[in-house]
Structures are given as structure tokens and as C-alpha cells.
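When a residue number appears, it is its place in the shown sequence, counting from 1. Only heavy atoms go into these numbers, but all of them, side chains included; no hydrogens, no water, no symmetry mates.
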Amino acid sequence: AIMQLLILLVTSCNKESSNEVVHITPEIEMSTADCVDHVEYVVLEKTDECILSNVEVLRMNKDKIAVQSNRAIYIFNQQGEYLSKVDKMGNASDEYIIINDFQIMDDEIYILSGLQNKIQKYSLDGDYIGAYVLDNSYKHFVFEKNNTIILSSEQCNDKHFNFVRYDLSKKKNVGEIDEFEDIDTYTNKSQKLEKIVNDLTSKNCTSCIEYLKQHNYSKSALQDIVLN
């Protein structure tokens with residue numbers, strides 16, 4: 001199968017002023033021609049080294065197209081010709097365990113590996129350049145400036161800030177945005193319940209454990225034991 005990408009180059013949403021904001025609501029019917037001047041189809045080259053199957057993320061800069069497929073990042077020029085790939089899945093210091101997100105900046109690929117609390121940096125040829133060690137696990141990131149990124153936790157780490165500004169040149173956080181409270185996920189609840197049961201067992205509170213079992217380990221049952 002031939003992989004095709006529809007690339008929309010929006011040069012102007014208004015013929016008279018390219019800075020005018022077009023507000024789109026469900027009540028307003030608009031066609032593509034109302035806000036898109038140019039549509040270009042790019043056919044991505046298929047080679048023995050480049051067979052795309054599950055395309056997860058696509059990024060572009062001024063002259064490159066980067067596509068995440070399965071465990072690798074494939075690089076193409078704007079004409080769709082295959083150039084190279086970054087394929088470094090593994091546990092070594094110059095590899096990534098998972099690709100949570102990636103960006104292409106100044107002909108370099110930045111890969112966020114949340115399980116490692118790292119952003120790994122590679123050349124377009126797949127050569128390892130270096131790493132940025134993060135203070136916690138994050139899900140996504142974007143470049144704010146050349147040396148500054150915004151990390152997103154999706155309210156799912158111990159930092160308790162949804163967005164963190166990170167300075168690549170200083171290799172440290174320089175700001176936090178949108179603080180959130182701890183979310184009782186299923187995993188957190190299970191861990192807390194396991195700890196309570198273990199504590200009760202160590203104190204020989206067999207009657208308490210039986211009470212919890214009878215009430216399916218409900219929150220109200222836990223409150224009854226604490227209060228009584």
C-alpha cells in the first residue's frame with residue numbers, strides 16, 4: 001500500500017489580511033476553500049528500510065517531514081523522498097524505552113521517553129547526541145523557543161503541575177503552570193488499600209479485615225473502622 005499524507009499549507013484565511021482571525025463554530029458552515037489557499041499531496045517513498053504501518057505522530061519543519069511509526073522515527077524531505085530514520089529502542093543510555101512524544105528542531109530529533117524521565121536527542125541520521133534528564137514523568141512536550149520547551153504531565157505524575165517549562169541550555173525546570181491535586185487512580189487506590197490491609201494484619205485485627213471483606217473493601221467500611 002502507498003502511504004499518502006495530505007499536507008495543508010494555509011497561506012491566508014483572508015485575501016486582504018493574513019492576520020485576521022477566523023472564528024469557527026458549529027453553527028457556521030464553512031468549506032475548506034474558505035480558509036485554505038493551497039492543498040498539496042505528498043506521497044511518502046517506500047523502501048526496504050522504510051515500510052510505514054501504524055502512523056502515530058507526524059511533525060514537520062521547513063524542509064523535513066518526520067513520521068513516528070511503531071518504534072522508530074522516519075525522516076523524509078518535502079517531496080516525500082525517504083532520507084533516514086531514528087530507530088534506537090532499548091535500555092542502553094543512548095536508547096529510548098518508549099516514544100511518548102517527539103519533536104524535530106534544527107535538524108535534530110528530540111524523543112520524550114516518560115518511563116526513563118528523559119528526552120533523548122538524535123541527529124537525523126539516528127546518531128545519539130545527548131539526553132535531558134527530567135525531574136518526573138511527562139506525556140507530551142512542545143518547543144516554546146529554541147532552548148525552551150513546555151512539558152505536559154496530563155495530571156499524571158508526582159510533580160503536581162500540569163505544565164512545566166524546561167530550559168534545554170540550563171537543563172532544568174524554570175517554571176510551573178497549572179497546579180493540580182493528586183488524583184486517586186485505580187492504581188493509587190489499590191496501593192492504599194493494600195497498605196491498610198497489611199497494617200491491620202500486622203496488628204492482628206482479623207475482625208477488621210473480615211468486616212472489610214464483607215463490605216467489598218468500600219470507603220465507608222474503612223471509615224467505620226477508623227472511627228470505631
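- Side chains of Ile119 and Tyr166 form no contact here, defined as non-hydrogen atoms less than 4.5 Å apart.
- Taking the six-membered ring for Trp and the full ring otherwise, Phe102 and Phe141 have centroids separated by 6.0 Å or more.
- Both tests pass for Lys171 against the ring of Tyr132: distance under 6.0 Å to the centre and angle within 45° of the axis.
- In this structure, the side chain of Gln120 engages the main chain of Ser93 through a donor-acceptor pair within 3.5 Å.
- Closest of all the heavy-atom pairs between Lys64 and Ile104 is CB-CD1, 3.8 Å.
- Under the 4.5 Å side-chain contact rule for hydrophobic residues, Tyr138 and Ile150 do not share a cluster.
- Side chain of Asn157 to backbone of Ser137: a donor-acceptor contact under 3.5 angstrom is found.
- In plain terms, the two heavy atoms of Arg71 and Asp87 that are nearest each other are O-OD1, 3.9 Å.
- With hydrogens and angles ignored, the 3.5 Å screen pairs no side-chain donor or acceptor of Asp94 with any backbone N or O of Tyr128.
- Put simply, the side chain of Gln116 never gets that close to the backbone of Ser113: no donor and acceptor are under 3.5 Å apart.
- The two residues Tyr74 and Glu49 make their nearest non-hydrogen contact at CE2-O, 3.5 Å.
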(Q) Could you go through Asn70 and Ser53, starting from their C-alpha distance and side-chain angles, then the distance that decides it, and tell me whether this counts as side chain to side chain donor-acceptor pair (under 3.5 Å)? (A) CA-CA 8 Å; Asn70 296 323; Ser53 56; 2.8 Å; yes

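- At least one donor-acceptor pair under 3.5 Å links the side chain of Ser84 to the backbone N or O of Leu124.
- Counting heavy atoms from C-beta outward, Val42 and Gln79 have side chains that stay 4.5 Å or more apart.
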(Q) Could you walk me through whether Arg59 and Asp101 satisfy the side chain to side chain contact (heavy atoms under 4.5 Å, CB included) test, starting with their C-alpha distance in whole Å, then the side-chain angles of each, then the deciding distance to 0.1 Å, before giving a yes or no? (A) CA-CA 10 Å; Arg59 307 290 187 203; Asp101 199 0; 2.6 Å; yes

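- For the residue pair Gln78 and Met60, the shortest heavy atom distance occurs at OE1-CE, 3.6 Å.
- Residues Ile109 and Lys88 fail the side-chain proximity criterion, which asks for heavy atoms closer than 4.5 Å.
- Counting only distance, with no hydrogens or angles, the side chain of Asp106 and the backbone of Glu108 share no donor-acceptor pair below 3.5 Å.
- A donor-acceptor contact shorter than 3.5 Å is absent between the side chain of Glu81 and the backbone of Asn77.
- Glu154 places no side-chain N or O within donor-acceptor distance of the main-chain N or O of Lys139, the cut-off being under 3.5 Å.
- Both Leu151 and Tyr110 are members of a single hydrophobic cluster when ILVMFWY side chains are connected at heavy-atom separations under 4.5 Å.
- A donor-acceptor contact closer than 3.5 angstrom links the side chains of Ser169 and Asp167.
- Rounded to the nearest 0.5 angstrom, Lys85 NZ and Asp125 CG are separated by 13.0 Å.
- Under the 4.0 Å criterion applied to side-chain N and carboxylate O atoms, Asp127 and Lys121 are not assigned as salt-bridge partners.
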Q) Given Ile97 and Asn91, is the side chain to side chain contact (heavy atoms under 4.5 Å, CB included) satisfied, shown in steps? A) CA-CA 6 Å; Ile97 296 176; Asn91 293 314; 3.7 Å; yes

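- Within the 3.5 Å criterion, the main-chain N or O of Met105 finds no donor-acceptor partner in the side chain of Asn61.
- Clustering ILVMFWY residues whenever any of their side-chain heavy atoms sit less than 4.5 angstrom apart, transitively, puts Phe161 in the very cluster that holds Leu134.
- Side-chain contact between Asn54 and Glu56 is present, with heavy atoms from C-beta onward closer than 4.5 Å.
- Residues Val164 and Ile177 fail the side-chain proximity criterion, which asks for heavy atoms closer than 4.5 Å.
- Of the options Val57, Val86, Ile73, a side chain to side chain contact (heavy atoms under 4.5 Å, CB included) to Ile99 is made by Ile73 and by none of the others.
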Q.
For a side chain to side chain donor-acceptor pair (under 3.5 Å) check, start with the C-alpha distance between Asn173 and Asp135, then their side-chain angles and the critical distance, and finish with the verdict.
A. CA-CA 8 Å; Asn173 294 349; Asp135 66 339; 2.9 Å; yes

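- The aromatic rings of Tyr122 and Tyr96 sit perpendicular, their planes meeting at an angle over 60°, well past the 30° parallel limit.
- Residues Ile111 and Leu58 do not share a hydrophobic cluster, clusters being chains of Ile/Leu/Val/Met/Phe/Trp/Tyr side chains in contact below 4.5 Å.
- The CG atom of Asn100 sits 5.0 Å away from the CG atom of Leu112 when rounded to the nearest 0.5 Å.
- Salt-bridge check for Arg165 with Glu144: passed, with a basic side-chain N closer than 4.0 Å to an acidic carboxylate O.
- A heavy-atom distance below 4.5 Å is not found between the side chains of Thr148 and Leu168.
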